[in-house]
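So the structure is just underneath, and the comments pick up after that.
Bear in mind that the values here come from a model prediction, so they are computed numbers and not experimental data. Note on naming: letters A, B, ... go to the chains in the order of the sequence lines (proteins, then strands), and numbering restarts at 1 for each one.
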Amino acid sequence: MRRMSNVLSAVAWPYANGPRHLGHVAGFGVPSDVFSRFMRMAGHNVLMVSGSDEHGTPILVMADANGVTPEEFVDTNHAIIARELTDLGCAYDLYTRTTTANHTTVVQELFTQNLANGYLVPQPQQVALDPATGRTLPDRYIEGTCPICGYTEARGDQCDNCGNQLDPIDLIDPRSKTSGQPPTFTETQHWFLDLPALADALRTWLEGREASGTWRPNVIKFSLNILDDIRPRAMTRDIDWGIPLPGELGEQYPTKRLYVWFDAVIGYLSASIEWARRIGEPERWRDWWNDPEALTYYFMGKDNITFHSQIWPAEMLGYAGKGNKGGEPGQYGTLNLPTEVVSSEYLTMEGKQFSTSRGYVIHVRDVLDRYGPDPLRYFICAAGPENQDANFTWAEFVQRNNSELVAGWGNLVNRTAAMIAKNFGEIPAPAGLAEIDEAVLKAVETGFDTVGDLLTHHRQKAALAEAMRVVSEVNKYVTDTEPFKLKGDDQRERLATVLHTLVQCVSDLNTILAPFLPHAANRVHAVIGGRGQFTPLPELRDVTDLDSGKAYPVITGDYTSTPPWRRVPVEIGAAIAKPTPVFVKLDESVVEEELARLAGDSPAQA
RNA sequence: GGGGCGUUAGCUCAGUCGGUCAGAGCAGCGGACUCAUAAUCCGUCGGUCGUGGGUUCAAGCCCCACACGCCCUACCA
């Protein structure tokens, strides 16, 4: 029996520049939820946090383009994203946002202590400013003529035509992408995170993680590799949207803000603190952050590895005074470094990358509205980009839904309930179990170990495949025992035994599948005579900011009623009525409809 | 340009330490069955493991080169 642990599920913060597409939830949303649900069922003390990432230049630029303030812009998008994730069933203890007063306080505390310990150092930097706004102009927001190939729409960081890396100062006729004016190149002071001073501590930590053998090989290799040419990185910007520098620095430099990534990763901590404050136990977050026995898992897409295996650990090490310059921890103490950075790859669509800007995209909202959460969660779990880029096609989406979810699992549920309803109307008591009954019960019960072990090691595709293989074994049990032929009075006991065995197997499989398909699990539970809600779902709740009083929606939930990860005997005598199907087949025409929709969307948007 | 990851059956993907590793699901084909959403179960067809070299008694697996795809390359997030 595994000992109960405190487990932090730290889920990547969606950028609040619009609704989420399939690639986003395939990368971090569904995998983190499956893992967290399983760990709760296995008896661990899980805290799952995330929120909307709402600062940074792109949001500022998009808000301007939409004629709204950045605050209005992120208020809208945060609400949209929170609703999507709720409807997808992602069971956060708290899904909040980076524009809370609490977050500002926590971020400034980390900045202040890193500064005091000497890991944030001021340095002059050559930057481009937009003369129209006075804001830092990131390289990619400068356009001009490529000095290499002459392409007139080259970006400051890269030329999309010839593919060469560029420096914006080399562009011919550079202009701001937002105002059209030529940028002014000037020198300004910014605070740099002294990563070289933290590199030894980072390497020690990463080598320990490598020795654990638990990280995905590409993630640990990449993380170690980027240590080799580590350099200080600027953690402030000249911009008027973001978290101000703390204390006197803020007064001295009112036009500077903290770099969006400096604050975004701190969200894991600030959300944990906000959660603790909201439940009225303001120190409870320390169970996951200060207890060295706690396990902390970070879920994200592969483009975010550097921020989770380098920047965020460096911020925590600097805060604790654990780099080459020494220092003391601040009021939050020594914070736990990630146990595991669980990075997924990319989901492509019909062979090409998602592109919101080109309209080549499938939004989570649309899939939820048209097909519900179960088919989507099933597809992502069965065919998602766990270890390498994976391809989404509508044809495979329909096929997986119809031939696996509906025909395999849904049909087993349905035929089981139908036979019990017709013959008994309630779960019958078994007589003596035959060898074949014992065998199938054992095969299913073993599933808790095999599937659970795979889930523990973030092998969700293999875990779901194993669960579905067991579904197939139970379907075979029906073929072998032929309960539909047991019609005579003298066969009544045998029929009762087979159907009791069958519904026990279905109940167990429903438990095993619950992390993947929580909504369906509740409906299956009802179909086979269960009472009440089987597994908890998250709720969208309007709250007010603990410090500023502003209202905003969060995702939260009470997950104390999570069922255990083991066989629970079905209740003899529980009523079972003629079932209505839990899963519905999708018509093949869906494929053409969706492809047409995609093609129709494609050229329109800018 | 530099660093990294990937390429396995018609499709989507597993393959841990080099040694029953040529695998699964779906699609196709054949059969069984009828409780169930024409669902289920069994059998079967199908691959020069991206290309070219190399190491080894033995190579999807290790090494080198190349092709293609993707990620990162520090001011997009």
Side-chain angles (χ1 to χ4, degrees), chain A residues 12-17 53 55-59 61 125-128 136-142 155-158 163-165 168 190 192-193 195 213 216-219 221-226 228-234 236-239 259-261 264 301-307 310-311 343 345-346 348 351 353 382-383 386-393 395-396 399-400 402-404 406-408 410-423 459 461-462 465 468-469 472-480 482-486 499 502 579-585:
Chain A
W13 290 49
Y15 197 58
N17 60 352
D53 176 11
H55 294 131
T57 305
I59 278 175
V61 170
Q125 188 185 26
Q126 195 67 26
V127 296
T136 301
L137 215 39
D139 290 355
R140 66 177 48 198
Y141 283 90
I142 302 170
R155 292 189 324 218
D157 59 335
Q158 186 182 343
N164 282 292
Q165 299 278 313
H190 282 304
F192 284 67
L193 184 60
L195 290 164
R216 289 175 182 166
N218 56 331
V219 180
K221 271 187 87 167
F222 179 84
S223 302
L224 281 163
N225 186 262
I226 55 180
D228 291 341
D229 57 340
I230 197 165
R231 278 178 251 170
R233 187 160 171 160
T236 54
R237 296 288 185 276
D238 292 300
I239 189 176
Y259 173 44
V260 58
W261 267 112
K302 61 178 164 183
D303 54 333
N304 273 190
I305 294 173
T306 183
F307 299 101
Q310 183 171 102
I311 304 294
S343 165
E345 304 290 305
Y346 272 18
T348 57
Q353 283 212 41
E386 193 171 282
N387 286 314
Q388 62 178 278
D389 290 354
N391 192 32
F392 175 93
T393 66
E396 193 185 350
Q399 176 255 303
R400 291 250 183 203
N402 289 358
S403 66
E404 297 178 27
V406 177
N411 184 49
L412 177 63
V413 172
N414 215 44
R415 67 201 302 210
T416 298
M419 281 190 281
I420 292 176
K422 187 187 291 184
N423 291 293
R459 299 193 52 194
K461 290 168 77 164
M468 293 305 285
R469 191 192 60 75
S472 188
E473 277 198 49
V474 179
N475 268 319
K476 179 169 163 50
Y477 170 78
V478 179
T479 300
D480 291 342
E482 299 183 312
F484 40 85
K485 285 185 178 171
L486 302 173
L499 293 184
L502 194 51
T580 48
V582 170
F583 303 96
V584 291
K585 271 192 121 167

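Between Phe583(A) and Ala382(A), the residue anchored closer to the 5' end of RNA chain B is Ala382(A), taking for each the nucleotide with the nearest heavy atom. Both Val478(A) and Glu345(A) sit near RNA chain B, but only Glu345(A) has its closest nucleotide nearer the 5' end.
Contact annotation for Val260(A): backbone-only contact, meaning every heavy-atom pair under 4.0 Å involves sugar-phosphate atoms and none involves a base. Heavy atoms of Ala390(A) sit under 4.0 angstrom from primed sugar atoms or phosphate atoms, though from no base atom. No contact: Thr306(A) has no heavy atom under 4.0 Å from any strand. Counting any heavy atom pair closer than 4.0 Å across all strands shown, Ile305(A) reaches no nucleic acid atom. Counting any heavy atom pair closer than 4.0 Å across all strands shown, Pro58(A) reaches sugar-phosphate atoms only and no base atom. Among the heavy atoms of the strands lying under 4.0 Å from Asp303(A) is at least one base atom, whether or not backbone atoms are also near. No engagement by Val413(A) is indicated, since no non-hydrogen atom pair under 4.0 Å with the nucleic acid exists. Counting any heavy atom pair closer than 4.0 Å across all strands shown, Asp53(A) reaches sugar-phosphate atoms only and no base atom.
Pairing of C49(B), defined by two Watson-Crick or G-U wobble distances under 3.5 Å, is not identified with any nucleotide. Of all nucleotides present, only C5(B) satisfies the Watson-Crick or G-U wobble test against G69(B), with each distance under 3.5 Å. When both distances must be under 3.5 Å, the Watson-Crick or G-U wobble mate of A58(B) does not exist. With a 3.5 Å ceiling on both atom-pair distances, C75(B) lacks any Watson-Crick or G-U wobble partner. Nucleotide A38(B) forms no Watson-Crick or G-U wobble pair with any nucleotide shown, as no partner meets the under 3.5 Å limit on both distances. Summarising the base pairing, A24(B) is matched to U12(B) through a Watson-Crick or G-U wobble pair whose two defining distances lie under 3.5 Å.
With U37(B), C72(B), U12(B) as the choices, the nucleotide that has an atom nearest any side-chain atom of Phe222(A) turns out to be C72(B). Minimum atom distance to the side chain of Gln125(A) is reached by C75(B), of the listed A39(B), C13(B), C75(B). Comparing atom distances between the Asn414(A) side chain and each of A36(B), C75(B), A77(B) picks out A36(B) as nearest. Counting only heavy atoms from C-beta on, Glu404(A) has its side chain closest to G25(B) among C71(B), U37(B), G25(B). Checking G4(B), C75(B), A77(B) against the side-chain heavy atoms of Lys221(A) singles out G4(B) as nearest. Considering only side-chain atoms of Ser403(A), the nucleotide from C75(B), C41(B), A27(B) that sits closest is A27(B). For Phe307(A), the side-chain atoms get nearest to A77(B) when compared with the rest of C75(B), C41(B), A77(B).
The side-chain heavy atoms of Phe192(A) and Gln125(A), taken from C-beta on, include a pair separated by under 4.5 Å. Within the 4.5 Å cutoff, the side chain of Val478(A) has heavy atoms near those of the Pro483(A) side chain. When side chains are defined from C-beta on, Ile226(A) does not count as touching Ile305(A), because their heavy atoms never get closer than 4.5 Å. Looking at heavy atoms from C-beta onward, Leu499(A) lies in side-chain contact with Asn423(A) at the 4.5 angstrom threshold. For the pair Pro232(A) and Leu195(A), the minimum side-chain heavy-atom distance is 4.5 Å or more.
For the pair Lys302(A) NZ and U73(B) P, the interatomic distance rounds to 13 Å; values are reported in whole Å. To the nearest angstrom, C1' of C70(B) lies 15 Å from CG of Asn387(A). Taking atom CZ of residue Arg459(A) and atom C1' of nucleotide C13(B), one finds them 12 Å apart after rounding to whole Å. Counting to the nearest Å, the C1' atom of A32(B) and the CG atom of Asn475(A) are 15 Å from each other. When the P atom of C42(B) is taken as reference, atom CD of Glu482(A) falls 14 Å away, rounded to whole Å. Distance Asp157(A) CG to G2(B) P: 19 Å, rounded to the nearest Å. Look at CD on Gln388(A): it is 15 Å from P on C71(B), rounded to the nearest Å. The interatomic distance linking Tyr141(A) (OH) with C75(B) (C1') rounds to 11 Å, in whole Å.
Of the P atoms belonging to C70(B) and G43(B), the separation is 41 Å, rounded to the nearest Å. Between the P atoms of C68(B) and A58(B), the separation comes to 33 Å (whole Å). Taking the C1' atom of each, U56(B) and C63(B) are spaced 12 Å apart, rounded to whole Å. One C1' atom belongs to G52(B), the other to G19(B), and the distance between them is 26 Å to the nearest Å. Between the C1' atoms of C57(B) and C41(B), the separation comes to 44 Å (whole Å). For the C1' atoms, the distance linking C49(B) with A59(B) amounts to 11 Å, nearest Å. Straight-line distance between the C1' atoms of G30(B) and U16(B): roughly 37 Å, to the nearest whole Å. When the P atom is used for both A9(B) and C71(B), the distance is 23 Å, rounded to whole Å.
In this structure, G60(B) shows a glycosidic angle within 90 degrees of zero, which is the syn conformation. Its glycosidic angle being within 90° of 0, C17(B) falls on the syn side.
Distances shorter than 4.0 Å separate some side-chain N or O of Lys485(A) from OP1 or OP2 on U34(B). Phosphate contact (OP1/OP2 of U40(B), side-chain N/O of Ser472(A), threshold under 4.0 Å): absent. For Lys422(A), no side-chain nitrogen or oxygen approaches OP1 or OP2 of C35(B) to under 4.0 Å. Within the structure, every side-chain polar atom (N or O) of Arg216(A) is placed at least 4.0 Å from both OP1 and OP2 of G6(B). Applying the 4.0 Å criterion to OP1 and OP2 of C76(B), one finds that Arg140(A) has a side-chain N or O inside that range. For C26(B), the OP1/OP2 oxygens have no side-chain nitrogen or oxygen of Arg400(A) closer than 4.0 Å.
Looking at Glu386(A) and Lys461(A), no side-chain N of the basic residue comes within less than 4.0 Å of a carboxylate O on the acidic one, giving no salt bridge.
No side-chain donor-acceptor contact under 3.5 Å links Asp389(A) and Thr348(A). Arg415(A) and Asn475(A) share a donor-acceptor pair across their side chains, judged by distance under 3.5 Å alone. A donor-acceptor pair shorter than 3.5 Å can be found between the side chains of Glu345(A) and Asn218(A). Defined by atom type and a distance below 3.5 Å, a donor-acceptor pair is missing between the side-chain atoms of Arg155(A) and Tyr141(A).
Contact annotation: side chain of Asn411(A) to base of A36(B), donor-acceptor pair present below 3.5 Å.
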